[in-house]
Amino acid sequence: MSLSNVGNLMCLYRSEINPGKGTDAAEFCIKAAAKQLMESGGRNWVPVIVKEIAVDQYEVIGNSFVYAIAEEADLERVWCIVTDASEQTFEVTRILTGELIPKINLSTATRDEIQAALQYLIEKPNSELRSVQLAIATNRIDEAARKSWKNFEPIIKLKCGITKGKKLDALKEVFYLTPQSEPEVTTSEVPKPKNLNSLTVTKLKFMAKEKGFSGYTKMKKPELITLLTAG
C-alpha cells in the first residue's frame with residue numbers, strides 16, 4: 001500500500017482484516033443488524049476504519065461494531081477507510097467513533113470543561129457521583145490550585161461531595177493530570193490590596209495556604225483579600 005492510500009475509501013477482502021479490539025455490543029444487536037444489512041444489499045455503507053499492519057494486512061481501529069456485523073453477515077469484502085498507524089490516530093479514531101471516552105486535563109481545564117465532565121459522570125446510570133451537587137463541585141474544583149496536583153486526592157479536602165474510594169476513582173474516566181510547578185510566592189511581603197484585587201481566587205488561596213492560614217478554602221475573593229491584608 002502506498003502512502004497515497006491513507007485516507008482513501010477502499011473495498012478490502014475481509015480475510016485481510018484483523019478485528020483488533022473487537023466490540024462489546026450485544027450479540028442480538030450484531031445478528032439483527034447483519035440480517036438487515038444482507039436484506040438491503042450487503043454493503044456496509046458506514047466504513048470500517050483500519051490501519052495497515054503488513055503488506056495487504058489490516059487491523060480494525062474504529063467502527064468495530066460495523067466490522068462485527070460484516071463478519072456475522074459473512075461479507076467477502078468490506079468497505080474501509082485506511083489511516084496511518086500512529087498511536088495518536090488510533091486514539092482519536094476511537095474517540096470519534098464513540099468507542100473511547102475522551103479525557104480532559106484537569107490541571108488546565110476551564111470551568112465549563114470541568115462542569116461538562118462532572119455532569120456527564122453524575123448523570124450516568126448508577127453513577128457513583130449521583131449524589132454530588134454539580135454547581136458546588138464545579139466551583140470548588142475550578143478554584144482549587146489544581147495545576148500542582150500529582151493525583152486526585154486533594155479533591156477530598158474540598159468537601160464537594162467527592163470522597164475517597166469509588167467516587168474519587170470515577171473521575172479517572174474523564175480527567176487526567178499534568179502536574180506543573182507552582183511559582184514561588186514570597187510570604188514575607190504581602191501585596192497591597194490594590195494588587196491583590198488583580199489576582200485570581202486560586203492565586204489568593206495559594207498565598208493563604210503558604211502563609212499557614214486556615215478556613216480559606218471556602219472564602220470568596222473579598223474575604224481572602226481581607227485575610228491576607230490582615231495577616
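The first residue in the sequence is number 1, and the count goes up from there.
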Under the side-chain hydrogen bond (donor to acceptor under 3.5 Å, both in side chains) rule, collect the residues that match up with Asn18, sequence neighbours excluded.
-> none
Check each of Arg146, Lys150, Lys147 against Pro179 using the side chain to side chain contact (heavy atoms under 4.5 Å, CB included) test, and report the only one that passes.
-> Lys150
In Å, rounded to the nearest 0.5 Å, how long is the span from CG of Leu204 to CE of Met219?
-> 11.5 Å
In the single-linkage hydrophobic clustering (I, L, V, M, F, W, Y; side-chain heavy atoms under 4.5 Å), do Trp79 and Tyr58 co-cluster?
-> no
Flag yes if Tyr216 and Leu196 sit in one hydrophobic cluster, no otherwise; membership is Ile, Leu, Val, Met, Phe, Trp, Tyr, and two members link when side-chain heavy atoms are under 4.5 Å apart.
-> yes
Looking only at heavy atoms, what is the nearest atom pair of Ala34 and Ala73, with distance?
-> CB-N, 3.9 Å
Closest heavy-atom pair, Pro19 versus Val60, reported as atoms and distance to 0.1 Å, is O-CB, 3.5 Å
Does any pair with a residue in residues 213-224 pass salt bridge (Lys or Arg N to Asp or Glu O under 4.0 Å), and if so which ones, sequence neighbours excluded?
-> none
Can you list every salt bridge (Lys or Arg N to Asp or Glu O under 4.0 Å) pair that touches residues 7-16, not counting sequence neighbours?
-> Arg14-Asp74
For Glu143, does its backbone N or O pair with a side-chain atom of Thr202 as donor and acceptor, under 3.5 Å?
-> yes
Closest heavy-atom pair and its distance - Pro47, Leu9 = CB-CD1, 3.9 Å
Output the distance between atom OG (Ser15) and atom CD (Gln57), rounded to the nearest 0.5 Å.
-> 7.5 Å
Minimal heavy-atom distance between Thr97 and Arg94, with the atoms involved, is OG1-O, 3.3 Å
Asn8 (side chain) donor-acceptor with Met10 (main chain) under 3.5 angstrom | no
Please list, chain by chain and in numerical order, all residues satisfying side-chain hydrogen bond (donor to acceptor under 3.5 Å, both in side chains) with Glu123, sequence neighbours excluded.
-> Gln119
Heavy-atom pair with the smallest gap, counting every atom of Asp56 and Glu52 | N-OE2, 4.0 Å
Any donor and acceptor pair, going by atom type alone, linking the side chain of Tyr67 with main-chain N or O of Ile17 inside 3.5 Å?
-> yes
Can you tell me how far the CG atom of Leu228 sits from the CD1 atom of Ile225, to the nearest 0.5 Å?
-> 8.0 Å
Should side-chain heavy atoms under 4.5 Å link Ile, Leu, Val, Met, Phe, Trp and Tyr, which residues sit in the same cluster as Leu100?
-> Ile95
Between Thr89 and Ala85, is there a donor-acceptor pair closer than 3.5 Å when you use the side chain of the first and the backbone of the second?
-> no
Could you list all the side chain to side chain donor-acceptor pair (under 3.5 Å) pairs where at least one residue sits in residues 20-44, not counting sequence neighbours?
-> Lys31-Glu72
Mark yes when over 12 heavy atoms from residues, nucleotides or ligands other than Glu91 sit less than 6.0 Å from its CD; otherwise mark no.
-> no
All salt bridge (charged side-chain N to carboxylate O under 4.0 Å, His left out) counterparts of Asp84, not counting sequence neighbours = none
Nearest-0.5 Å distance, OG1 of residue Thr138 to CD of residue Gln133 = 11.0 Å
Examine Tyr13 and Ile81 and state if one hydrophobic cluster contains both, with Ile, Leu, Val, Met, Phe, Trp and Tyr joined whenever side-chain heavy atoms are less than 4.5 Å apart.
-> no
By side-chain hydrogen bond (donor to acceptor under 3.5 Å, both in side chains) - contacts of Lys51 (at least two apart) | none
Output every pair passing salt bridge (Lys or Arg N to Asp or Glu O under 4.0 Å) with a member in residues 97-121, not counting sequence neighbours, ordered by first then second residue.
-> none
Residues joined to Ile53 in its hydrophobic cluster, side chain to side chain under 4.5 Å directly or through other members, sorted by chain and number, are none
Are side-chain heavy atoms of Asp142 and Gln115 found at a separation under 4.5 Å?
-> no
Who else is in the cluster with Leu177 when I, L, V, M, F, W and Y are joined by side-chain contacts under 4.5 Å?
-> Ile101, Ile104, Leu106, Ile114, Leu118, Tyr120, Leu121, Ile122, Leu129, Val132, Leu134, Ile141, Trp149, Phe152, Ile155, Ile156, Leu158, Ile162, Leu168, Leu171, Val174, Phe175
SG/Cys80 to CD1/Ile61 distance, rounded to the nearest 0.5 angstrom?
-> 11.0 Å
Considering all heavy atoms of both residues, which atom of Ile30 and which atom of Ala68 are nearest to each other, and what is their separation?
-> CG2-O, 3.7 Å
Across all chains, not counting sequence neighbours, the side-chain contact (heavy atoms from CB on, under 4.5 Å) partners of Asp169 are Lys172
Quick one: CD on Glu71 to CG on Leu75, what's the gap to the nearest 0.5 Å?
-> 10.0 Å
Only one of Lys167, Lys159, Lys166 passes side chain to side chain contact (heavy atoms under 4.5 Å, CB included) with Thr163; say which it is.
-> Lys167
